[in-house]
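For reference, the structure is listed below as structure tokens.
A note on names: the letters A, B, ... follow the listed sequences, proteins ahead of strands, and every chain is numbered from 1.
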Protein chains: 2
Amino acid sequence: MERKEISKAVISRLPRYYRYLGELIEEGVERISSNELSARMKVTASQIRQDLNNFGGFGQQGYGYNVKYLYAEIAKILGIDQQHNLIIIGAGNLGQAIANYTNFERRGFVIKGMFDINPKLIGLVIRGIEIRSVDDLEFFIKENEIQIAALTIPKTKASEIADRLVKAGIKAIWNFAHTDLVVPDDVVVENVHLSESLMRLSYRVCSMNDQAEIEGKTSK
Amino acid sequence: MERKEISKAVISRLPRYYRYLGELIEEGVERISSNELSARMKVTASQIRQDLNNFGGFGQQGYGYNVKYLYAEIAKILGIDQQHNLIIIGAGNLGQAIANYTNFERRGFVIKGMFDINPKLIGLVIRGIEIRSVDDLEFFIKENEIQIAALTIPKTKASEIADRLVKAGIKAIWNFAHTDLVVPDDVVVENVHLSESLMRLSYRVCSMNDQAEIEGKTSK
DNA sequence: TAGATTGTTAATCGATTAACAATC
DNA sequence: TAGATTGTTAATCGATTAACAATC
């Protein structure tokens with residue numbers, strides 16, 4: 001069964017399609033054409049059709065796409081129709097923010113436990129999730145069939161913990177630490193580097209300022 | 001003064017270069033060739049040279065790049081050699097996580113205030129930053145020359161607050177709400193959509209599983 | 001059936017990589 | 001000077017957009 005490799009660009013657009021389709025369902029819209037969706041999402045209709053056709057023909061000529069059907073299909077593609085067991089390592093503000101975000105659960109991401117090294121935090125319960133000692137990490141992962149670990153700890157500890165996670169058989173790391181983790185090929189790492197995001201923002205603010213200056217000088 | 005438009009891909013790589021150069025400085029490395037850096041960062045040397053040459057010739061033939069100099073130059077390009085005044089709107093866990101992250105300050109991002117609508121939070125002080133009522137938003141922005149607003153509030157309130165921010169003269173929004181904000185062309189929006197990041201992770205975990213299954217069937 | 005809109009192929013555009021002359 | 005490595009041009013690769021035949 002030959003599986004065409006899907007480009008990263010396509011995959012990263014899928015969640016956004018999913019979000020818009022969810023909104024359409026809430027609005028009670030039953031069907032939508034690539035053209036209408038294109039206008040809403042500010043992407044080309046061509047791109048929408050190309051992206052979707054990587055996974056199959058979900059539409060119908062002359063009709064468009066059935067919103068609910070497409071929504072469900074994208075959920076399947078993203079794997080959010082299945083349950084994913086998750087742990088959070090690092091029970092600081094960021095870890096707690098994730099633990100408190102109930103929407104993840106609606107997408108099948110079930111937070112089974114939190115871990116920290118701070119004795120003051122260990123034993124606390126957040127939204128029904130207990131904070132445990134990192135000493136119990138390996139045992140807990142196996143016992144609870146944990147697939148994903150969110151890493152919300154300082155970068156100094158990150159690679160050490162990542163190694164332990166890999167050895168314990170974790171499938172994926174959602175990495176918030178400001179460092180690039182080195183893991184085997186069959187372990188997925190998704191980085192959320194907030195400081196890099198903020199720097200990109202800074203660049204754009206500055207280049208916007210420069211532009212305004214130039215225009216101010218030349219036109220008026 | 002003709003400014004060549006720099007592609008988004010290049011800009012999004014700059015913070016990563018910056019991070020690696022910072023690590024090299026810590027290690028006491030004085031100079032580095034595009035080839036050595038390429039090996040560390042797992043990108044091609046060609047890409048490094050191309051990326052940097054968008055902004056000027058920072059290297060020297062036969063020598064490579066001076067680490068400290070390049071580090072400082074990238075800081076200038078990103079605008080993190082300047083101070084940026086920032087506010088956080090939404091003093092929940094995520095807002096507090098950002099407020100507590102002292103590294104932002106080292107890059108010139110100074111958090112001047114936090115805002116919330118919850119009376120229980122208003123008046124609290126986090127790391128010297130007071131939580132204020134959103135009623136005071138417009139006054140505070142003008143009084144404190146705020147350029148950037150981090151939006152860590154639920155999506156239902158996001159566009160209303162975004163409109164107020166734009167009217168109050170904010171230059172950039174760091175948007176953590178799960179919605180696309182509509183703002184004028186001269187206002188920058190940088191999105192951090194955590195749920196979309198988690199869905200991408202989910203996709204990759206699932207396609208990894210599929211692959212393992214296929215290989216399991218065909219090879220052994 | 002006629003009109004609408006998809007699925008898909010072809011054309012274009014942009015980004016990455018390779019190659020090498022310039023130069024420290 | 002000879003060796004190393006950049007800056008930059010050319011070649012390749014991939015992603016986006018346009019076009020249109022297929023078909024509901």
B:Phe109 vs B:His84 aromatic rings, parallel, tilted or perpendicular, using cut-offs 30° and 60°?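 Because their plane-to-plane angle is under 30°, the rings of B:Phe109 and B:His84 count as parallel.
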
Check the orientation of A:Tyr18 and A:Tyr71. Use parallel for under 30°, tilted for 30 to 60°, and perpendicular for over 60°. parallel

Which nucleotide, [options], lies nearest any side-chain atom of [X]?
X	options	answer
A:Thr44	D:dT17, D:dT16, D:dT6	D:dT17
A:Arg49	D:dC20, D:dT6, C:dT17	D:dC20
A:Gln47	D:dT16, D:dC20, C:dT17	D:dT16
B:Gln61	C:dT23, C:dA15, C:dT6	C:dT23
B:Ser46	D:dT23, D:dT17, C:dA18	C:dA18

Examine C:dC24: is either OP1 or OP2 under 4.0 Å from a nitrogen or oxygen in the side chain of B:Tyr65? Give yes or no.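 No, outside the criterion.
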
Determine: side-chain N/O of A:Ser34 to OP1/OP2 of C:dT5, distance under 4.0 Å, yes or no.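 For C:dT5, OP1/OP2 do not have a side-chain N/O of A:Ser34 under 4.0 Å.
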
Round to a whole Å and report the spacing from [atom1] of [X] to [atom2] of [N].
X	N	atom1	atom2	answer
B:Asn54	D:dT8	CG	P	11 Å
B:Ile6	C:dG14	CD1	P	14 Å
B:Lys8	D:dA15	NZ	P	17 Å

Report which part of the nucleic acid B:Arg13 touches: base, sugar-phosphate, or nothing (heavy-atom distance under 4.0 Å, all strands).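 It contacts sugar-phosphate atoms only.
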
Any carboxylate oxygen within less than 4.0 angstrom of a Lys/Arg side-chain nitrogen, looking at A:Arg16 and B:Glu196? no

Identified pairing partner of D:dC13, criterion: Watson-Crick or G-U wobble below 3.5 Å: C:dG14

Using Watson-Crick or G-U wobble geometry with both distances below 3.5 Å, tell me the partner of D:dA22, or none.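 D:dA22 is paired, partner C:dT5.
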
Under 3.5 Å donor-acceptor pair, B:Gln50 side-chain atoms to C:dT17 base atoms: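 Result: at least one qualifying N/O pair found.
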
Just one of B:Asn175, B:Thr179, B:Leu94 clears the side-chain contact (heavy atoms from CB on, under 4.5 Å) bar with B:Leu151, so which one?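 Among B:Asn175, B:Thr179, B:Leu94, the one that satisfies the side-chain contact (heavy atoms from CB on, under 4.5 Å) with B:Leu151 is B:Asn175.
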
